[in-house]
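Order of the sequence lines sets the chain letters (A, B, ...), proteins ahead of strands, with each chain counted from 1.
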Amino acid sequence: MAPEKLTEYERRRIENIKRNEEMLAALKIQSRVSELSAVTKRPRAQSKSYQASPQKKQKSKSPVVLRRSLRTKGIPPDSSTAGGIKDDSDDLPDRIAPNKYSQPAPKKSPREPIPISMRDAYSGDFDVSNQRLIETIKDFSHKIDDGDDRIEKRKASGTVHLESLRLEPDNIARVVPGRILNVRFFPTNNVRMVAVGNKFGNIGFWNVDAPQEDGDGIYLYHPHSGPVSGIVMDPFSASKMFTSCYDGFIRVMDIEKEMFDLAYLSEHPIFSISQWPHDMNSIYYGEGSGELGICDLRAGKSSVSWKLHEERINTIDFTSENCNIMATSSTDGSACIWDLRKVSAHKPKSLQTVRHKRAVHSAYFSPSGRFLATTSIDNTVGLLSGANYEDTSMVSHFNHTNRWISSFRGIWGWDDSYIYIGNMQRGVDVISVADKKLDFTLRSEHMTAIPCRFDAHQDKVGMLAGATSGGQVYIWTAS
DNA sequence: ATTGTCATTACTCAA
DNA sequence: TTGAGTCCATGACAAT
């Protein structure tokens, strides 16, 4: 890096620290004030929320534009960002000058097909906050690497007592602005941390156990330019997190490099991602109208693209038992189970197919792999079982969400007994596999919005994260 | 068979 | 408290 850049960097850093201290002081005052006025019976403003800095908050609220739309409409990329996509040949990452992102200009458009440093993607003014998050993740990822905090891949273990699940007021936060499409726990036991992706391309982190002096533990980044369609935590390397976006990008947050690196760039919108359990260097993703691609992370290239569905693939899932078995759900109204050894490019034939009357928004294997749960907006939750998933039963559940609520997706808990899914009455419905019906509903006066996307902590039985279309995250815990 | 447009309606934020 | 603004999801149906 050029010396002048270094001095520029230093100068900026000092400025940042100074402003940071001022802001922290202001925040302390603010939190005192909110403590005083926190007696309101229906707290509209939650105690915890992301702090968008005044200057940088969504300047120009850059409209969510897919790359496709850009090209078809012939709109040139934002002229303030050099190296925008002009044509297809520019999309290749290896043709991009390596140091374009290091300009001291405020924030780069995440549309550029280049790596983005976490510092540049950070949506606050204060680099110390960014550094604090990086240190936190480094800290627990090293512990995981050393085996101190390793969580084995999710197993069928732990029966949860639904009546004991609670939503504590402290476990609620507004993590990002706008609609959350994805929430995921970090695979660690010592620190409770979630990452969420929203419609604007933000990735927000919430360290629930952040020390008091570290503020609210919420960190906001902007590594993508469109809706974040998927988040994958590498279970064996907590310093890596993959995110996909409608704009065709798959990025990997590399905490050692402190970057949102470019893993893959597709011509088509990417609607889903998953990691192949057998080989951590393979990312499976759903792109365009029903295509499934496999990306080799070392080569940075896609090896295959299979047309598995007629319309977009909403989820991709694997069993922990058999790495060659994969499930996909699609807007074309079907969910399929595939044997990867038998899929060929020309005539993909599924092992099993469930047909719903309408779009299927998820298909997830149970922790043991013996069941598959599908969620469709035809108001059913499908349950597949049997040696070859040949037995299908449909559980009735109202799955219609409106335009502003992300579709419901039934997820599994910590064993094969329950499926958790949102409802329009601000509750979490729990479907019993044994009874094949709705068994229980989690309710809380603190859930002031509809939780539509969920994640179950891989190890802590009863720890369930629900995310809303207003950027909130609720973390239920077993008391 | 593809493309367009319309209605739906929950939440946040600013007054 | 109210009211404006949101706006890439989806299905139904109309138009090409």
Review point. Do F271(A) and I313(A) come within less than 4.5 Å of each other through their side chains, counting heavy atoms only?
Key: no

Review point. Picking from dA9(C), dA12(C), dC11(B), which would you name as closest to the side chain of Y246(A)?
Key: dA9(C)

Practice item. Answer yes if the side chains of S329(A) and T315(A) hold a donor-acceptor pair under 3.5 Å, and no otherwise. Key: yes

Point to revise | Length of the line joining N198(A):CG and dC11(B):P, which is rounded to integer Å | key: 17 Å

Review point. Given side chains that start at C-beta, do those of F408(A) and D429(A) come closer than 4.5 Å, heavy atoms only?
Key: no

Point to revise | Between R251(A) and S244(A), a side-chain donor and acceptor under 3.5 Å | key: no

Exercise for review: Please determine if a side-chain N or O atom of R426(A) lies less than 4.0 Å away from the OP1 or OP2 oxygen of dC11(B).
Suggested key: yes

Point to revise | Flag for Y285(A)-S229(A): side-chain donor and acceptor within less than 3.5 Å | key: no

Exercise for review: Name the orientation class of the two ring planes belonging to F205(A) and F186(A) (parallel below 30°, tilted from 30 to 60°, perpendicular beyond 60°).
Suggested key: tilted

Practice item. Using atom CE of M447(A) as one end and atom C1' of dC11(B) as the other, report the distance to the nearest whole Å. Key: 15 Å

Practice item. Could you pick out which residue, R358(A) or R179(A), lies toward the 5' side of DNA chain C when each is mapped onto its nearest nucleotide? Key: R179(A)

Check your understanding: CZ of R409(A) versus C1' of dA9(C): gap in Å, rounded?
Key -> 12 Å

Check your understanding: How many Å lie between CD on Q425(A) and P on dA10(B), as a whole number?
Key -> 10 Å

Revision key, fill the gap. Against the side chain of R312(A), the closest entry in dT10(C), dT12(B), dA10(B) is dT10(C)

Exercise for review: Figure out the CZ/C1' separation between R174(A) and dT12(B), and round it to whole Å.
Suggested key: 7 Å

Check your understanding: What integer distance in Å separates H224(A):NE2 from dC8(C):P?
Key -> 18 Å

Check your understanding: For dA9(C), does either OP1 or OP2 sit under 4.0 Å from a side-chain N or O belonging to K199(A)?
Key -> no

Check your understanding: What is the distance from CG of L181(A) to P of dC11(B), rounded to the nearest Å?
Key -> 16 Å

Listing time: all N or O pairs from protein to nucleotides 6-9 of chain B that are below 3.5 Å?
from, atom 1, to, atom 2, distance (Å)
dT8(B), O4, R403(A), NH1, 2.7
dT9(B), O3', N402(A), ND2, 3.0

Point to revise | Under 4.0 angstrom between Q472(A) side-chain N/O and dC11(B) OP1 or OP2 | key: no

Exercise for review: Would you kindly give the CG-to-P distance between D332(A) and dT2(B), to the nearest whole Å?
Suggested key: 14 Å

Check your understanding: Just checking, any donor-acceptor pair under 3.5 angstrom between side chains of S407(A) and N399(A)?
Key -> no

